[in-house]
Structure formats: structure tokens, C-alpha cells
Amino acid sequence: MTIALKLQSRIQQAFEEAIDKAAASEGWTIENMPAVELEVPKEKSHGDLATNVAMQLTREVKLAPRRIAEVLIQHLNLAGTFVESVEIAGPGFINLRLNNQWLYQVLRDIEEQGEAYGRSNYGQGKKVLLEFVSANPVGPMNVVNARAAAVGDTLANIMEAAGYDVSREYYVNDAGRQAHLFGLSILARYREMAGLEVEFPEDGYAADYVTELAGILRQEVPDLLEKSQDEQEAFCKRWGTDRMVEQQKADLAAFGVEFDHWFRERELHEGGYLQEVIQFLQDAGYLYEEDGAIWFASTRFGDDKDRVMIKSDGEPTYLTPDVAYHWNKYRRGFEHLIDIWGPDHHGYIARMRAAIQALGYPADSFEVIILQLVTLLRHGEKVRMSKRAGQFVTMKELLDEVGKDAARYFFLMRAPDSHLDFDLALAVEQSQENPVYYIQYAHARICSILRQAQESGIEVPKAAEAQLDLLQTEEELDLIKKLAQLPEEIIQAAERREPHRIARYCYELASSFHSFYTHCRVLGEEEALQGARLVLVQAVKQVLRTALRILGVSAPERM
RNA sequence: GCGCCUGUAGCUCAGGGGAUAGAGCAUCGGACUUCUAAUCCGAGUGUCGCAGGUUCGAUUCCUGCCAGGCGCGCCA
């Protein structure tokens with residue numbers, strides 16, 4: 001465990017003990033013990049750590065908060081915690097000031113732990129399945145898919161760093177109506193090219209890429225039309241969706257996103273899992289027949305209305321394979337499921353959660369993150385997108401235009417439940433004001449210092465051998481404090497499923513570094529100070545790389 | 001009509017039961033003979049959508065309303 005986390009828990013413990021002792025000696029009766037929460041005050045003059053526990057206790061102990069704080073402090077034993085002073089402030093905060101020695105320990109921790117610095121066992125190895133993107137394999141991915149890819153992948157990185165056992169999964173809807181129509185559309189274009197008179201399918205995919213696919217298919221399988229009608233359709237559907245999946249894999253890989261598993265819907269159909277889940281729900285008494293359809297009594301688990309699982313024509317609805325799929329996830333041993341969906345699917349959560357309960361799993365083991373929409377802008381003007389006319393910006397085009405690093409960072413800047421404005425022009429043209437470059441530039445500057453040190457034969461000393469207490473300026477101390485925050489930031493981001501916290505952290509760390517860089521010289525200083533600052537710079541490099549890697553943004557050596 | 005998300009500085013957004021609500025952009029003024037000025041330093045701006053409620057304390061939680069977005073199928 002890192003010094004920052006250790007210190008926090010020790011101080012918390014000291015407060016808990018102080019509360020017990022105070023209660024005993026003062027005769028307080030405390031029924032609901034408030035949790036001792038420590039926070040880093042926004043205002044520097046309020047010290048390094050603060051707790052509001054005395055104010056929390058006013059509910060239990062009928063005394064003025066400042067009075068409670070006084071009593072607590074009398075019973076507080078802070079030996080071995082680096083706490084240098086304790087004071088009561090404002091309405092009843094207890095502010096703690098720490099000795100700088102703990103900061104030097106942070107630098108030693110970072111050196112010792114290297115890439116592992118920032119990681120923790122908060123998640124205790126819990127097996128989590130994170131499903132995201134899952135775009136239909138019937139066309140290129142769009143910018144919302146791209147946002148989902150960035151957020152999902154980064155959340156997985158964060159949760160892994162926080163000690164969860166995370167698996168990334170992509171669900172391929174290759175067996176539904178859309179896939180069928182897609183196959184029919186390819187087949188229609190194919191026949192056109194063969195000079196046949198065809199009627200293009202209603203609601204079919206008329207965009208150019210379908211025609212291009214048909215052209216490729218004609219070259220690969222010139223004798224397709226000799227098969228039976230059913231065989232032709234089935235072939236086009238399978239060939240087309242497989243082809244799109246390969247395309248999606250390639251696009252996502254270029255975006256730095258690799259999935260552990262691509263789960264095919266058709267496997268559910270072929271493996272008889274739809275019947276199995278229907279049977280299970282039937283046996284459990286959650287299904288009934290009405291108007292010729294089979295209904296799932298989802299209202300018994302809080303849904304607004306019951307849902308059809310098998311239509312009166314005997315075909316399953318979209319829900320049925322999806323329930324089968326989620327059941328499958330649990331049966332593969334995952335304890336917690338997280339799905340990332342678009343805002344148009346929020347109405348779907350209640351029925352899915354109902355199904356999960358009907359299958360015997362706890363409601364809170366299934367979680368949905370609804371990702372809000374992306375508004376694409378160019379120079380502040382909305383980019384109009386029409387899928388029918390084929391005028392939409394694809395994920396690939398976005399990547400080609402702004403690059404992986406800028407694209408990922410922009411998607412990760414905002415909270416998932418916040419609508420996102422993405423200005424394409426801003427992401428590239430205003431590169432000087434671009435936060436991505438600001439962060440990467442900090443890394444490049446560090447590399448430059450280390451490179452020049454090496455060229456001059458100056459070695460970065462071991463932290464244990466450096467005179468770290470020479471690091472005394474405000475800029476140096478602020479920078480180390482920022483470094484100390486990473487483990488806690490990762491835990492917070494994991495717990496709250498908020499990747500944007502790490503994006504923010506990177507920016508703040510870069511900002512602290514730039515400030516340090518301007519105010520403190522490294523090379524050419526007196527040897528002991530130079531050594532201490534080299535240790536610091538090395539540590540910043542390590543932490544910045546770790547945080548950027550979590551975001552999937554590269555850390556260039558030069559710019 | 002019902003459900004979900006959002007409403008915070010001129011713009012884009014963080015934050016969050018507590019101490020004087022923060023960043024970036026934009027605007028203005030400074031800083032390079034020295035490790036990369038893609039940087040730094042300084043300056044100003046807020047009825048935290050409106051109204052009630054809970055609380056020692058609400059911008060934060062609850063309720064209602066207003067505004068914007070998205071849903072509400074035997075579509076997927």
C-alpha cells in the first residue's frame with residue numbers, strides 16, 4: 001500500500017479511537033457512529049487533511065461542534081502519522097498539517113513500485129464483465145460508438161488498476177432483423193451487378209459501403225447465385241456481418257481498444273440458449289401467454305409493463321437473446337455485470353434488471369452506464385448527420401481527422417452522463433490550447449531533461465540516497481502532493497465509474513509540473529539539489545505515463 | 001402523459017451536505033542569453049434554472065415547477 005493510503009487509514013483509525021475514548025470519559029452515547037472522512041481541503045491554508053467528524057457528531061452528542069472537536073483532540077494519538085499540527089477551524093473542522101517527510105516517502109514509493117504505483121487491491125479481484133460498444137455489425141461505427149469505446153476501455157483500465165478482474169466484451173448482433181436486412185441488401189446489390197432486375201428490400205441499407213461489399217463478394221464468390229434463395233440470403237448475412245466485425249475490430253484496434261471476447265448472438269441461437277432461457281423462466285413461473293404471444297411478467301420486478309419475449313408469429317423479440325446472453329455472462333462466472341448503453345436504451349434497463357432477478361441474480365449485480373449523446377461540431381457549427389443519406393461521421397473518419405490521442409482524451413474529458421460537444425476543428429487546429437498536447441508536452445519536457453542528464457553523464461540517484469528534503473519550494477511540494485493522489489484518484493474513478501477523473505488528474509499533474517519547470521531548474525543546480533530534483537522528475541514521468549496509459553493516450557518522448 | 005439525462009462565469013465543463021463554488025477557452029497585462037514559451041505569472045466575472053422542504057448547515061439531498069436533450073413497439 002502506498003504511503004498516502006496508509007496514512008489516511010492510520011489517521012482515520014486514530015480518530016475512531018479518539019471518539020471511543022472521548023465517549024467513555026465524557027459519557028457520550030453514540031448510536032450511529034459517523035464514518036471519519038478525511039479530505040484534502042480546497043484551501044491550502046486549511047492544512048493538508050481535514051475532517052468534519054466533529055460536526056457529524058453533533059447529531060449524536062448534543063454539543064457545539066467546536067467543543068466536540070476540542071475533546072476529540074485531547075484523546076487523539078497521532079504518533080507515527082507525520083501529523084505536525086492539529087487545529088480547529090471554521091464551524092468545527094479539524095485541520096491537520098503534515099510534516100513534509102511523508103512526501104519524500106511518496107517519491108521512494110514511486111521508485112520502488114514503478115509501473116505498479118497507483119494500483120491497489122480495492123476491488124479484491126472481483127470478476128467483472130464490462131460490455132461496451134456492441135454496435136450492430138451492419139455498418140461502420142459512429143462517434144457515439146467511439147465515445148463508448150474510449151469510456152469502456154478506460155473504465156476497464158481503471159478498474160483493473162483498482163484491483164478488479166475485468167473482462168472486456170463486445171456483443172455482436174449478427175442474428176437479428178438488422179443483420180438479416182443487411183444480408184438482403186448486399187444480395188440485392190450483388191444481383192443488380194449481375195444484371196438482374198431486383199427490388200431493393202424495404203428498410204434495407206442503401207449506403208455506398210453496401211454496394212462496395214457486394215462488389216467484393218462478387219469477386220470472392222462469383223457463383224453465389226447458383227445456390228438456393230435461402231442459402232444466398234444466409235450466406236450474405238453471415239459473410240456481411242463477419243466482414244463488418246473484422247472492420248470494427250480493425251477500427252477499434254486503431255483506437256487502442258482490444259476486447260477479450262467478441263460474443264456472437266448467433267451462438268445463442270445455434271446453441272439452443274433461447275429455448276433454454278424461455279424454459280427456465282417458464283418453469284420459474286414468470287411467463288404467460290396472451291394474444292398468441294409469450295410474455296415475461298417483468299412488472300413483478302418493478303418494470304412498468306410486462307414484455308413480450310416470443311411474438312405471436314413465433315419469433316423471439318430482441319429481449320429474448322439478450323436475456324439469454326446476460327444469463328450466459330453469469331454462468332461464465334462473472335459476479336458483476338456492467339453494460340454501457342446509449343441514452344436511447346435507458347428504457348430497457350428495468351426489463352433487463354427484472355430478467356436478471358427472475359434468473360435468480362441480485363438486482364445490483366447488473367449495472368448500466370448510460371452514455372449521453374455526442375454533438376459533433378466543426379468550428380462551432382453542428383455537423384449534420386443523416387444515416388439514411390450515408391452522411392455520418394464514422395469512427396474511422398474521426399480518428400483519421402483528429403488522431404487517437406486527441407479523440408480518446410476528448411471523449412474522456414466529460415462525465416459519462418454529460419452530453420458531449422466534440423469540436424473536430426478544435427481538437428486539431430487549436431493544438432496549442434489543446435489539453436492533450438499540454439499533458440504530452442509535460443512528458444516530453446521531462447524526457448528532455450533526463451536525456452540531457454544522461455548525455456552529460458549525470459545519473460538519477462536512488463531515492464534512498466538523494467537528499468529529498470532539499471525539495472522545499474511550493475512548486476515542488478505541490479507537485480509531490482499531486483503524485484501522492486494517484487492511488488486514491490484511481491479508486492475513486494473505479495468506484496464511481498468515472499473515467500473523466502483520470503483525464504482531469506493528468507491535466508492537473510501536467511499543470512503542476514509545468515509550474516515546477518518554470519520555477520525550478522534541474523540540471524546545473526548544486527549536485528545534491530540536482531539529484532533530488534532528478535528523483536522528482538523521474539517520479540513525475542512514471543506517474544504521468546501510468547495515468548496516460550490508463551487513458552490510452554500516448555506519452556511522447558519528444559514533441 | 002410517464003421515464004431517464006442535463007441546467008454552475010461570455011463559451012465548454014468540473015465539483016459537491018459544510019469553511020471565500022473551481023478549471024480551460026475567450027479578453028487584458030507581464031515573463032525566454034540558462035533543462036523545449038506547445039510553457040509560466042497576474043487581472044475580472046457567478047441570484048450554482050425557479051420555488052418550497054429536510055438539516056446546526058443545501059449550490060449539493062427530497063418534492064414541485066420551468067427549459068433543453070433522449071426514450072416510452074408483438075422494432076432492434
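Per chain, numbering begins at 1; letters A, B, ... match sequence-line order.
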5' precedence on RNA chain B between A:Arg59 and A:Ser418 (nearest-nucleotide basis): A:Ser418
Nearest-nucleotide comparison on RNA chain B, the residue closer to the 5′ end among A:Met413 and A:Ile370: A:Ile370
Only one of A:Arg545, A:Arg558, A:Glu557, A:Lys541 forms a side-chain hydrogen bond (donor to acceptor under 3.5 Å, both in side chains) with A:His443, so which one is it? A:Arg545
Of A:Lys481, A:His519, A:Arg533, the one forming a side-chain hydrogen bond (donor to acceptor under 3.5 Å, both in side chains) with A:Glu476 is A:Arg533
Could you tell me how far [M] sits from [N] if I compare only their [atom1] atoms? Round to whole Å.
N: B:rG29; M: B:rG44; atom1: P; result: 16 Å
N: B:rC70; M: B:rG64; atom1: C1'; result: 22 Å
N: B:rG71; M: B:rA76; atom1: C1'; result: 14 Å
N: B:rA26; M: B:rA9; atom1: C1'; result: 12 Å
N: B:rA43; M: B:rC5; atom1: P; result: 39 Å
N: B:rG15; M: B:rA58; atom1: C1'; result: 15 Å
N: B:rU55; M: B:rC41; atom1: P; result: 45 Å
N: B:rU63; M: B:rU45; atom1: P; result: 35 Å

If you measure from the ring centre of A:His46 to the centre of the six-membered ring in the base of B:rA19, is it under 5.5 Å, with the planes under 30° apart? yes
Is_stacked (A:Tyr507, B:rG24) at 5.5 Å, 30 deg: no
Does the gap between the ring centers of A:Phe263 and A:Tyr170 come in under 6.0 Å? no
Determine whether the aromatic ring centres of residues A:Phe301 and A:Tyr286 are separated by less than 6.0 angstrom. yes
Please work out if [X] contacts a base, only the sugar-phosphate, or nothing of the nucleic acid, heavy-atom cut-off 4.0 Å.
X: A:Cys520; answer: base
X: A:Arg558; answer: base
X: A:Asn95; answer: base
X: A:Ala64; answer: nothing
X: A:Ala350; answer: nothing

Atom [atom1] of [X] and atom [atom2] of [N]: how far apart are they, to the nearest Å?
X: A:Ile349; N: B:rC70; atom1: CD1; atom2: C1'; answer: 12 Å
X: A:Leu376; N: B:rU12; atom1: CG; atom2: C1'; answer: 15 Å
X: A:Gln485; N: B:rG15; atom1: CD; atom2: P; answer: 15 Å
X: A:Glu475; N: B:rC41; atom1: CD; atom2: C1'; answer: 10 Å
X: A:Tyr437; N: B:rC25; atom1: OH; atom2: C1'; answer: 17 Å
X: A:Asn434; N: B:rU12; atom1: CG; atom2: P; answer: 18 Å
X: A:Gln454; N: B:rC35; atom1: CD; atom2: P; answer: 19 Å
X: A:Tyr438; N: B:rA38; atom1: OH; atom2: C1'; answer: 11 Å

On the 0 to 90° scale, with breaks at 30° and 60°, tag the A:His345-A:Tyr348 ring pair as parallel, tilted or perpendicular. perpendicular
Counting just side-chain N and O atoms, does [X] come under 4.0 Å of either OP1 or OP2 of [N]?
X: A:Ser515; N: B:rC41; result: yes
X: A:His500; N: B:rG15; result: yes
X: A:Arg414; N: B:rU6; result: no

N-O pairing of A:Asp364 and A:Arg353 below 4.0 Å: no
Do the side chains of A:Arg378 and A:Glu401 get close enough for a salt bridge, i.e. N-O under 4.0 angstrom? yes
Pair partner, [N] [Watson-Crick or wobble, under 3.5 Å]:
N: B:rU34; answer: none
N: B:rA67; answer: B:rU6
N: B:rC11; answer: B:rG24
N: B:rU45; answer: none

Show me the protein contacts with nucleotides 74-76 of chain B, counting only N or O atoms at under 3.5 Å.
residue, atom, partner, partner atom, Å
B:rC74, O2, A:Ser312, N, 2.8
B:rC74, O2, A:Ser312, OG, 2.9
B:rC74, N3, A:Ser312, OG, 3.3
B:rC74, N4, A:Asp291, O, 2.9
B:rC75, OP2, A:Lys311, NZ, 2.9
B:rA76, OP2, A:Tyr318, N, 3.0
B:rA76, O2', A:Gln178, NE2, 3.4

Answer yes if the side chains of A:Tyr288 and A:Asp306 hold a donor-acceptor pair under 3.5 Å, and no otherwise. yes
Nearest-neighbour nucleotide for the [X] side chain, [options] considered:
X: A:Tyr517; options: B:rC70, B:rA37, B:rC56; answer: B:rA37
X: A:Pro41; options: B:rA38, B:rA19, B:rU39; answer: B:rA19
X: A:His419; options: B:rC70, B:rU39, B:rG68; answer: B:rG68

List the steps, then state whether salt bridge (Lys or Arg N to Asp or Glu O under 4.0 Å) holds for A:Lys237 with A:Asp242. CA-CA 8 Å; A:Lys237 173 171 160 184; A:Asp242 281 352; over 6 Å; no
Quick one: is the NZ or CZ of A:Arg445 closer than 6.0 Å to the six-membered ring centre of A:Tyr517, and within 45° of its axis? yes
